[in-house]
Amino acid sequence: MIRTWASRYEITPLTTIGAIADLEPRQGAIIKVQWSNGKTGYADLHPWPELGDFDLDVQLDAVSRGKLTCPAEQTIWMAKRDAILRSEKKSAFSGLSKVKNHFLITDFTKVGEAVLREIKESGFTTVKIKVGRSTEDEVKFINKVVRQSPLQIRLDFNSKSTYDKFAKFISLLSAGEKKRIEYVEDPFPWDEQGWTEAAKLAPLAVDAEATNIDWKKIKLPPFKVMVIKPARQDLDQAVERVNKFALKMVITSALDHPVGIAHASYVAGELKKIYPNVLLDCGCLTVRSYKPNEFSTKMMIQGPYLNNVPGTGVGFDDLFAKLEWQPLHV
Ligand code: MG
(Lines give C-alpha, C1' and ligand atoms only; values in the text may rest on other atoms or scores of the structure.)
Protein backbone atom coordinates (compact mmCIF):
# COMPACT_ATOMS: atom_id res chain seq x y z
CA MET A 1 0.00 0.00 0.00
CA ILE A 2 1.18 3.50 -0.69
CA ARG A 3 -0.09 6.80 0.61
CA THR A 4 0.11 9.87 -1.59
CA TRP A 5 -0.17 13.63 -1.17
CA ALA A 6 -0.14 16.45 -3.71
CA SER A 7 1.10 20.00 -3.58
CA ARG A 8 -0.09 21.96 -6.57
CA TYR A 9 2.06 24.54 -8.28
CA GLU A 10 2.10 26.87 -11.24
CA ILE A 11 5.13 27.66 -13.36
CA THR A 12 5.18 30.60 -15.73
CA PRO A 13 6.85 30.29 -19.14
CA LEU A 14 9.26 33.08 -20.05
CA THR A 15 8.67 32.65 -23.77
CA THR A 16 6.19 30.65 -25.78
CA ILE A 17 7.13 27.00 -25.59
CA GLY A 18 7.57 25.74 -29.12
CA ALA A 19 4.54 25.42 -31.26
CA ILE A 20 2.52 23.80 -28.52
CA ALA A 21 1.80 26.10 -25.61
CA ASP A 22 1.21 29.76 -24.89
CA LEU A 23 2.39 32.05 -22.11
CA GLU A 24 -0.27 31.08 -19.58
CA PRO A 25 1.05 29.63 -16.29
CA ARG A 26 1.22 25.85 -16.41
CA GLN A 27 -0.30 23.57 -13.76
CA GLY A 28 1.33 20.62 -12.07
CA ALA A 29 1.81 19.05 -8.67
CA ILE A 30 4.65 17.71 -6.58
CA ILE A 31 3.62 14.28 -5.37
CA LYS A 32 4.77 12.89 -2.05
CA VAL A 33 4.61 9.13 -1.82
CA GLN A 34 4.99 7.02 1.31
CA TRP A 35 5.39 3.25 1.17
CA SER A 36 4.27 0.92 3.96
CA ASN A 37 7.89 0.56 5.13
CA GLY A 38 7.87 4.31 5.83
CA LYS A 39 10.14 5.28 2.94
CA THR A 40 9.04 8.60 1.48
CA GLY A 41 9.91 10.14 -1.86
CA TYR A 42 8.96 13.08 -4.04
CA ALA A 43 8.47 13.59 -7.77
CA ASP A 44 6.82 15.95 -10.21
CA LEU A 45 3.54 15.37 -12.03
CA HIS A 46 3.32 17.76 -14.94
CA PRO A 47 0.74 16.72 -17.51
CA TRP A 48 0.69 18.18 -21.02
CA PRO A 49 -2.98 18.31 -22.09
CA GLU A 50 -1.62 19.91 -25.32
CA LEU A 51 -0.03 16.53 -26.08
CA GLY A 52 -3.12 14.55 -25.22
CA ASP A 53 -2.63 14.00 -21.46
CA PHE A 54 -5.58 14.17 -19.08
CA ASP A 55 -5.48 17.42 -17.14
CA LEU A 56 -4.11 17.69 -13.63
CA ASP A 57 -7.41 17.15 -11.78
CA VAL A 58 -8.07 13.93 -13.66
CA GLN A 59 -4.48 12.75 -13.05
CA LEU A 60 -4.68 13.47 -9.30
CA ASP A 61 -8.04 11.73 -9.06
CA ALA A 62 -6.52 8.70 -10.80
CA VAL A 63 -3.59 8.66 -8.34
CA SER A 64 -6.02 8.79 -5.41
CA ARG A 65 -7.87 5.76 -6.78
CA GLY A 66 -4.64 3.89 -7.50
CA LYS A 67 -5.46 3.79 -11.21
CA LEU A 68 -2.20 4.98 -12.66
CA THR A 69 -1.61 5.90 -16.26
CA CYS A 70 1.34 7.69 -17.77
CA PRO A 71 2.64 10.24 -16.73
CA ALA A 72 1.46 9.54 -13.12
CA GLU A 73 2.95 6.06 -13.32
CA GLN A 74 6.36 7.57 -14.04
CA THR A 75 5.90 10.04 -11.17
CA ILE A 76 5.49 7.16 -8.71
CA TRP A 77 8.50 5.38 -10.24
CA MET A 78 10.65 8.47 -9.76
CA ALA A 79 9.34 9.07 -6.24
CA LYS A 80 10.44 5.53 -5.41
CA ARG A 81 13.98 6.21 -6.66
CA ASP A 82 13.99 9.35 -4.53
CA ALA A 83 12.61 7.49 -1.48
CA ILE A 84 15.37 4.87 -1.59
CA LEU A 85 18.07 7.56 -1.61
CA ARG A 86 16.38 9.57 1.16
CA SER A 87 16.08 6.51 3.39
CA GLU A 88 19.85 6.05 3.04
CA LYS A 89 20.46 9.79 3.50
CA LYS A 90 22.19 9.86 0.10
CA SER A 91 22.12 12.58 -2.54
CA ALA A 92 21.28 11.65 -6.12
CA PHE A 93 24.06 13.95 -7.25
CA SER A 94 27.00 12.69 -5.22
CA GLY A 95 29.26 10.67 -7.48
CA LEU A 96 26.87 11.05 -10.40
CA SER A 97 28.43 11.24 -13.90
CA LYS A 98 28.41 14.73 -15.33
CA VAL A 99 26.06 15.17 -18.25
CA LYS A 100 26.26 18.10 -20.62
CA ASN A 101 22.96 19.62 -21.73
CA HIS A 102 21.95 21.51 -24.83
CA PHE A 103 20.55 25.01 -24.58
CA LEU A 104 16.85 25.04 -25.41
CA ILE A 105 15.59 27.90 -27.56
CA THR A 106 11.81 27.82 -27.42
CA ASP A 107 11.36 31.24 -29.02
CA PHE A 108 14.19 32.18 -31.35
CA THR A 109 12.76 35.65 -31.98
CA LYS A 110 14.02 36.52 -28.48
CA VAL A 111 17.57 35.34 -29.17
CA GLY A 112 19.95 37.97 -30.53
CA GLU A 113 23.68 38.12 -30.96
CA ALA A 114 24.33 38.84 -27.26
CA VAL A 115 22.36 35.80 -26.10
CA LEU A 116 24.10 33.56 -28.64
CA ARG A 117 27.44 34.78 -27.35
CA GLU A 118 26.36 34.14 -23.76
CA ILE A 119 25.22 30.60 -24.65
CA LYS A 120 28.58 29.83 -26.21
CA GLU A 121 30.65 31.49 -23.50
CA SER A 122 28.86 29.68 -20.71
CA GLY A 123 30.03 26.38 -22.19
CA PHE A 124 27.15 25.08 -24.26
CA THR A 125 28.13 23.38 -27.51
CA THR A 126 24.64 22.51 -28.75
CA VAL A 127 21.37 24.41 -29.07
CA LYS A 128 17.98 22.89 -29.65
CA ILE A 129 15.59 25.15 -31.53
CA LYS A 130 11.84 24.65 -31.57
CA VAL A 131 10.68 25.22 -35.15
CA GLY A 132 7.63 24.66 -37.32
CA ARG A 133 5.94 28.01 -37.43
CA SER A 134 7.66 30.14 -40.07
CA THR A 135 10.18 28.46 -42.36
CA GLU A 136 11.67 31.68 -43.67
CA ASP A 137 12.33 33.22 -40.24
CA GLU A 138 13.58 29.95 -38.83
CA VAL A 139 16.03 29.44 -41.68
CA LYS A 140 17.25 33.00 -41.19
CA PHE A 141 17.83 32.29 -37.53
CA ILE A 142 19.84 29.16 -38.41
CA ASN A 143 21.93 31.31 -40.80
CA LYS A 144 22.61 33.61 -37.86
CA VAL A 145 23.57 30.84 -35.42
CA VAL A 146 25.97 29.31 -37.94
CA ARG A 147 27.51 32.68 -38.80
CA GLN A 148 27.94 33.87 -35.24
CA SER A 149 28.81 30.73 -33.29
CA PRO A 150 30.32 27.26 -33.58
CA LEU A 151 27.21 25.73 -31.94
CA GLN A 152 25.75 22.43 -33.13
CA ILE A 153 22.05 22.61 -33.90
CA ARG A 154 19.14 20.35 -33.06
CA LEU A 155 15.77 21.19 -34.58
CA ASP A 156 12.43 20.08 -33.16
CA PHE A 157 9.27 20.36 -35.26
CA ASN A 158 7.04 18.62 -32.69
CA SER A 159 5.47 16.80 -35.68
CA LYS A 160 4.08 20.09 -36.97
CA SER A 161 5.55 19.90 -40.49
CA THR A 162 4.84 17.76 -43.54
CA TYR A 163 7.30 15.95 -45.80
CA ASP A 164 7.06 18.68 -48.46
CA LYS A 165 7.47 21.56 -46.03
CA PHE A 166 10.35 19.77 -44.35
CA ALA A 167 12.11 19.13 -47.68
CA LYS A 168 11.66 22.82 -48.56
CA PHE A 169 13.10 23.84 -45.18
CA ILE A 170 16.22 21.71 -45.62
CA SER A 171 16.70 22.84 -49.23
CA LEU A 172 17.00 26.43 -47.99
CA LEU A 173 20.09 25.56 -45.90
CA SER A 174 23.59 25.74 -47.33
CA ALA A 175 25.90 22.72 -47.22
CA GLY A 176 27.78 24.32 -44.30
CA GLU A 177 24.55 24.93 -42.40
CA LYS A 178 23.35 21.38 -42.99
CA LYS A 179 26.58 20.08 -41.51
CA ARG A 180 25.73 21.85 -38.27
CA ILE A 181 22.38 20.09 -37.96
CA GLU A 182 23.02 17.25 -35.56
CA TYR A 183 19.46 15.99 -36.01
CA VAL A 184 15.86 16.96 -36.62
CA GLU A 185 13.37 15.73 -34.05
CA ASP A 186 9.81 14.60 -34.98
CA PRO A 187 9.67 16.46 -38.33
CA PHE A 188 6.10 15.30 -39.05
CA PRO A 189 3.76 12.53 -37.83
CA TRP A 190 5.33 9.08 -38.06
CA ASP A 191 5.02 7.21 -41.32
CA GLU A 192 7.86 4.88 -42.09
CA GLN A 193 8.13 5.72 -45.76
CA GLY A 194 7.93 9.49 -45.27
CA TRP A 195 10.53 9.42 -42.52
CA THR A 196 12.80 7.18 -44.62
CA GLU A 197 12.70 9.80 -47.40
CA ALA A 198 13.20 12.63 -44.90
CA ALA A 199 16.24 10.85 -43.43
CA LYS A 200 17.97 11.25 -46.80
CA LEU A 201 17.80 15.02 -46.28
CA ALA A 202 18.88 15.30 -42.63
CA PRO A 203 19.58 12.98 -39.68
CA LEU A 204 16.39 12.35 -37.70
CA ALA A 205 15.54 11.80 -34.04
CA VAL A 206 12.33 10.40 -32.64
CA ASP A 207 10.63 11.79 -29.56
CA ALA A 208 6.85 11.72 -29.02
CA GLU A 209 6.32 9.92 -32.36
CA ALA A 210 7.91 6.81 -30.80
CA THR A 211 4.45 5.92 -29.49
CA ASN A 212 3.14 5.66 -33.08
CA ILE A 213 5.81 3.20 -34.24
CA ASP A 214 5.13 -0.50 -34.54
CA TRP A 215 8.32 -1.54 -32.74
CA LYS A 216 7.75 -5.24 -33.36
CA LYS A 217 7.62 -4.76 -37.11
CA ILE A 218 10.26 -2.16 -37.75
CA LYS A 219 13.59 -3.47 -39.06
CA LEU A 220 15.81 -0.50 -39.83
CA PRO A 221 14.59 2.72 -38.18
CA PRO A 222 15.08 5.86 -40.31
CA PHE A 223 16.23 7.78 -37.21
CA LYS A 224 19.55 7.57 -35.42
CA VAL A 225 18.60 9.12 -32.10
CA MET A 226 15.90 8.48 -29.54
CA VAL A 227 14.79 11.29 -27.26
CA ILE A 228 13.71 9.84 -23.94
CA LYS A 229 11.65 11.65 -21.32
CA PRO A 230 11.71 9.55 -18.15
CA ALA A 231 8.77 11.62 -16.87
CA ARG A 232 6.63 10.43 -19.76
CA GLN A 233 7.72 6.93 -20.75
CA ASP A 234 9.07 3.67 -19.41
CA LEU A 235 12.84 4.04 -19.28
CA ASP A 236 13.84 0.36 -19.47
CA GLN A 237 11.75 -0.20 -22.58
CA ALA A 238 13.21 2.89 -24.28
CA VAL A 239 16.81 1.92 -23.48
CA GLU A 240 16.14 -1.62 -24.74
CA ARG A 241 15.05 -0.15 -28.09
CA VAL A 242 18.13 2.06 -28.23
CA ASN A 243 20.33 -1.01 -27.74
CA LYS A 244 18.38 -3.23 -30.12
CA PHE A 245 18.67 -0.79 -33.03
CA ALA A 246 22.11 0.64 -32.10
CA LEU A 247 20.69 4.15 -31.72
CA LYS A 248 22.03 7.07 -29.69
CA MET A 249 19.95 8.56 -26.91
CA VAL A 250 19.18 11.92 -25.38
CA ILE A 251 17.46 12.24 -22.01
CA THR A 252 15.29 15.32 -21.61
CA SER A 253 13.03 16.85 -19.02
CA ALA A 254 9.35 17.15 -19.84
CA LEU A 255 9.64 20.96 -19.64
CA ASP A 256 8.40 20.54 -16.12
CA HIS A 257 9.06 21.78 -12.57
CA PRO A 258 12.64 21.89 -11.17
CA VAL A 259 11.82 18.67 -9.28
CA GLY A 260 11.21 17.03 -12.67
CA ILE A 261 14.47 18.50 -13.97
CA ALA A 262 16.39 17.07 -11.00
CA HIS A 263 14.89 13.63 -11.62
CA ALA A 264 15.67 13.72 -15.36
CA SER A 265 19.26 14.76 -14.57
CA TYR A 266 19.62 11.89 -12.11
CA VAL A 267 18.44 9.41 -14.77
CA ALA A 268 20.81 10.93 -17.36
CA GLY A 269 23.81 10.80 -14.98
CA GLU A 270 23.22 7.14 -14.22
CA LEU A 271 22.90 6.26 -17.91
CA LYS A 272 26.08 8.17 -18.70
CA LYS A 273 28.00 5.79 -16.46
CA ILE A 274 26.65 2.72 -18.26
CA TYR A 275 26.48 4.07 -21.84
CA PRO A 276 29.09 6.86 -22.11
CA ASN A 277 29.21 6.68 -25.92
CA VAL A 278 25.52 6.17 -26.54
CA LEU A 279 24.22 9.06 -24.46
CA LEU A 280 24.59 12.36 -26.34
CA ASP A 281 24.29 15.84 -24.84
CA CYS A 282 20.99 15.84 -22.99
CA GLY A 283 18.09 18.27 -22.58
CA CYS A 284 17.44 18.18 -18.86
CA LEU A 285 18.35 21.77 -18.09
CA THR A 286 15.12 23.55 -18.98
CA VAL A 287 15.01 25.83 -15.92
CA ARG A 288 15.48 28.89 -18.08
CA SER A 289 12.20 28.28 -19.88
CA TYR A 290 10.27 29.43 -16.81
CA LYS A 291 10.33 32.29 -14.35
CA PRO A 292 12.68 31.45 -11.46
CA ASN A 293 11.04 30.10 -8.29
CA GLU A 294 12.19 28.90 -4.85
CA PHE A 295 13.03 25.52 -6.30
CA SER A 296 14.99 26.64 -9.34
CA THR A 297 17.18 28.92 -7.23
CA LYS A 298 18.32 25.88 -5.18
CA MET A 299 19.82 24.25 -8.27
CA MET A 300 23.57 24.55 -8.63
CA ILE A 301 23.99 25.13 -12.32
CA GLN A 302 27.24 25.74 -14.13
CA GLY A 303 26.79 26.47 -17.83
CA PRO A 304 25.42 23.31 -19.43
CA TYR A 305 25.70 21.23 -16.24
CA LEU A 306 23.42 20.72 -13.26
CA ASN A 307 26.08 20.01 -10.62
CA ASN A 308 23.97 19.55 -7.54
CA VAL A 309 20.73 20.15 -5.73
CA PRO A 310 21.63 20.18 -2.02
CA GLY A 311 19.84 17.72 0.24
CA THR A 312 19.03 14.02 0.17
CA GLY A 313 17.47 12.24 -2.83
CA VAL A 314 16.92 14.74 -5.62
CA GLY A 315 17.31 17.54 -3.06
CA PHE A 316 14.95 20.35 -1.97
CA ASP A 317 14.47 18.81 1.54
CA ASP A 318 13.69 22.12 3.28
CA LEU A 319 11.25 23.19 0.56
CA PHE A 320 9.36 19.90 0.63
CA ALA A 321 9.07 20.27 4.40
CA LYS A 322 7.46 23.69 3.94
CA LEU A 323 4.89 22.78 1.26
CA GLU A 324 1.22 22.26 2.02
CA TRP A 325 0.15 18.71 1.23
CA GLN A 326 -3.31 17.62 0.22
CA PRO A 327 -3.88 13.90 0.93
CA LEU A 328 -4.86 11.87 -2.16
CA HIS A 329 -5.29 8.55 -0.39
CA VAL A 330 -8.60 7.63 1.24
MG1 MG B 1 10.56 16.87 -28.96
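Atoms within a ligand are numbered from 1 in the order they appear, just like the ligands themselves.
Seen from the ring of Trp48, Arg26 counts as a face-on cation partner, given the 6.0 Å and 45° thresholds. Cation-pi geometry between Arg3 and Trp5 is not satisfied (NZ or CZ under 6.0 Å from the ring centre, within 45° of the ring normal). Relative to the six-membered ring of Tyr305, Lys98 meets both conditions, a distance below 6.0 Å and an angle of at most 45° to the axis.
Counting just the N/O/S atoms of Glu185, the one with the shortest distance to the Mg ion (ligand 1) is named OE2. Checked against the Mg ion (ligand 1), the N, O or S atom of Asp156 at the shortest distance is OD2. The minimum distance between the Mg ion (ligand 1) and any N, O or S atom of Asp207 involves atom OD2.
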Taking it one step at a time, do Asp57 and Arg8 satisfy salt bridge (Lys or Arg N to Asp or Glu O under 4.0 Å)? CA-CA 10 Å; Asp57 289 328; Arg8 288 168 184 259; 2.7 Å; yes
